[in-house]
Amino acid sequence: MLSNNKRKKIGLALGSGGWKGIAHIGVIKTLVENNIPIDYIAGSSAGALIGGIYAALGDIHKIEDIINKFNKKDLFTVFSDPTLKTGVLKGDKIIKFIEDIAGRVDIEDLKIPFCAVATDLVNGTPVYIDKGRLSSAIRASSSVPLLFEVPAYKDKYLLDGGMVEAVPTEAVKKMGADIVIGVNLFYNSFPIKEIPKNGRRLTKPEILLVSYRTLLNRLAYYSDKESDISIGPIITAPLNSDLGMKWFTNFIQEKGIVKAGEEAALKEISKIKKLMGKNK
């Protein structure tokens, strides 16, 4: 017979966001330091990377230390496998990078139940990867169109999970979470400060970038509406931060984003504890 005092299970939905995903480290640190249990983790793209490695290691401070020590040489090593097929990069070295940190582990053997979200290229629907090699699942979830070669998974071709679940609330609900904590990395994408005034025309790259950011912002907003608790790190990102080499170098330059994750999560701790039925 089940106890009436059975604790509600908490699911963490870590959203997509490229280099902004470093903020997930700060969110997890704050939850751990405030004794908030994490029973399930679902991740899209950058969320799959941080969430998957944490589910394997169970040590967020070790992950933060790895990120803090990540330098230009590491960056070149990870992103130096060019291809001329369905993307600019093969992505094989990303798999090696993940396995060097987390080991060649299967999702079924992780410390915390985990699911990586990817997008079915043919049907445009979510694919929930909750079995098999962790590194391959993260690689599939992070397959940014045209940047990374499109990986095959069973009978499907997969793209970045952020295209269908920018905040993977549905995925973590299906895992069994009673309380869903969503982390939205596009929370403060607007207003854009670089939009010209005094009559200057927008350039074509500016229009493209604003359009891209608008799509991601809206997708994250609607995905995150299903969260019981929404955490939105305040990340000040220049308009060109997701373009060209900025997409890569910000992994090195923006280490302060961990703090943004910590601060955003800390604001929600009392609400989380209230949902859990705790007095404090």
Between [X] (side chain) and [Y] (backbone), is there a donor-acceptor pair under 3.5 Å?
{"X": "Thr125", "Y": "Asp120", "answer": "no"}
{"X": "His24", "Y": "Ala48", "answer": "no"}
{"X": "Asp224", "Y": "Ala220", "answer": "no"}
{"X": "Asp160", "Y": "Thr119", "answer": "no"}

(Q) Would you say that more than 12 heavy atoms from the other residues, nucleotides or ligands in this model lie under 6.0 Å from the OH of Tyr40, or not? (A)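 For Tyr40, atom OH is crowded (more than 12 foreign heavy atoms under 6.0 Å).
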Q: Please indicate whether Tyr153 has more than 12 foreign heavy atoms, meaning atoms of other residues, nucleotides or ligands, lying under 6.0 Å from its OH.
A: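 More than 12 heavy atoms, drawn from other residues, nucleotides or ligands, come within 6.0 Å of this atom.
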Quick one: pull up [atom1] in [X] and [atom2] in [Y] and give me the separation to the nearest 0.5 Å.
{"X": "Lys8", "Y": "Asp39", "atom1": "NZ", "atom2": "CG", "value": "13.0 Å"}
{"X": "Arg104", "Y": "Arg133", "atom1": "CZ", "atom2": "CZ", "value": "4.0 Å"}
{"X": "Ile36", "Y": "Ile181", "atom1": "CD1", "atom2": "CD1", "value": "7.0 Å"}
{"X": "Leu49", "Y": "Ile101", "atom1": "CG", "atom2": "CD1", "value": "7.5 Å"}
{"X": "Phe114", "Y": "Ile38", "atom1": "CZ", "atom2": "CD1", "value": "12.5 Å"}
{"X": "Ile28", "Y": "Ile60", "atom1": "CD1", "atom2": "CD1", "value": "4.0 Å"}

Do [X] and [Y] come close enough that some side-chain heavy atom pair is under 4.5 Å?
{"X": "Pro126", "Y": "Glu170", "value": "no"}
{"X": "Phe190", "Y": "Thr214", "value": "yes"}
{"X": "Lys20", "Y": "Pro233", "value": "no"}
{"X": "Leu14", "Y": "Tyr54", "value": "no"}

How far apart are the closest heavy atoms of [X] and [Y], and which atoms are they?
{"X": "Ala46", "Y": "Gly17", "answer": "CB-N, 4.2 Å"}
{"X": "Ile50", "Y": "Ile63", "answer": "O-CD1, 4.4 Å"}
{"X": "Ser227", "Y": "Gly182", "answer": "OG-CA, 3.4 Å"}
{"X": "Leu219", "Y": "Met163", "answer": "CD2-O, 3.3 Å"}
{"X": "Gly261", "Y": "Val27", "answer": "O-CG2, 3.6 Å"}
{"X": "Phe186", "Y": "Asn217", "answer": "O-ND2, 2.9 Å"}

Please determine whether residues [X] and [Y] belong to a single hydrophobic cluster, defined as Ile, Leu, Val, Met, Phe, Trp and Tyr linked transitively by side-chain heavy-atom distances below 4.5 Å.
{"X": "Val117", "Y": "Leu185", "value": "no"}
{"X": "Leu216", "Y": "Val167", "value": "no"}
{"X": "Phe97", "Y": "Leu134", "value": "yes"}
{"X": "Ile98", "Y": "Leu110", "value": "yes"}
{"X": "Val144", "Y": "Ile94", "value": "yes"}

Q: Scan for salt bridge (Lys or Arg N to Asp or Glu O under 4.0 Å) pairs involving residues 107-119, sequence neighbours excluded, and state none if there are none.
A: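 Checked against salt bridge (Lys or Arg N to Asp or Glu O under 4.0 Å) - neighbours excluded - no pair reaches residues 107-119.
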Q | With Arg139, the side chain to side chain donor-acceptor pair (under 3.5 Å) member among Ser143, Ser136, Ser141 | A |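 The option that passes is Ser143.
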Q: Take Lys69 and Asp65 through the salt bridge (Lys or Arg N to Asp or Glu O under 4.0 Å) test and state the conclusion after the steps.
A: CA-CA 6 Å; Lys69 292 178 179 177; Asp65 186 55; 3.2 Å; yes
Q: Output, in order, the C-alpha distance, side-chain angles, deciding distance and verdict of side chain to side chain contact (heavy atoms under 4.5 Å, CB included) for Ile129 and Leu158.
A: CA-CA 11 Å; Ile129 308 175; Leu158 303 181; 3.9 Å; yes
(Q) Salt bridge or not between Lys96 and Asp100? Use side-chain N to carboxylate O under 4.0 Å. (A)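 Yes.
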Q.
Set out, in order, the CA-CA distance, both residues' side-chain angles and the distance that settles side chain to side chain contact (heavy atoms under 4.5 Å, CB included) for Ile272 and Leu31, then state yes or no.
A. CA-CA 10 Å; Ile272 297 170; Leu31 295 178; 3.8 Å; yes
(Q) Looking only at side-chain N and O atoms, does Ser135 offer a donor or acceptor that is under 3.5 Å from a partner on Glu99? (A)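 Short answer, yes.
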Tell me which donor-acceptor pairs under 3.5 Å the side chains of residues 171-179 have, and how far apart each pair is, sequence neighbours excluded?
from: Lys173; atom 1: NZ; to: Glu226; atom 2: OE1; distance (Å): 3.3
from: Asp178; atom 1: OD2; to: Lys9; atom 2: N; distance (Å): 2.8

Q: Decide yes or no on side chain to side chain contact (heavy atoms under 4.5 Å, CB included) for Val122 and Lys156, but give the supporting numbers first.
A: CA-CA 8 Å; Val122 174; Lys156 304 178 186 297; over 6 Å; no
Q | Test log, rule side chain to side chain contact (heavy atoms under 4.5 Å, CB included), inputs Phe70 and Ile22 | A | CA-CA 12 Å; Phe70 196 79; Ile22 298 171; over 6 Å; no
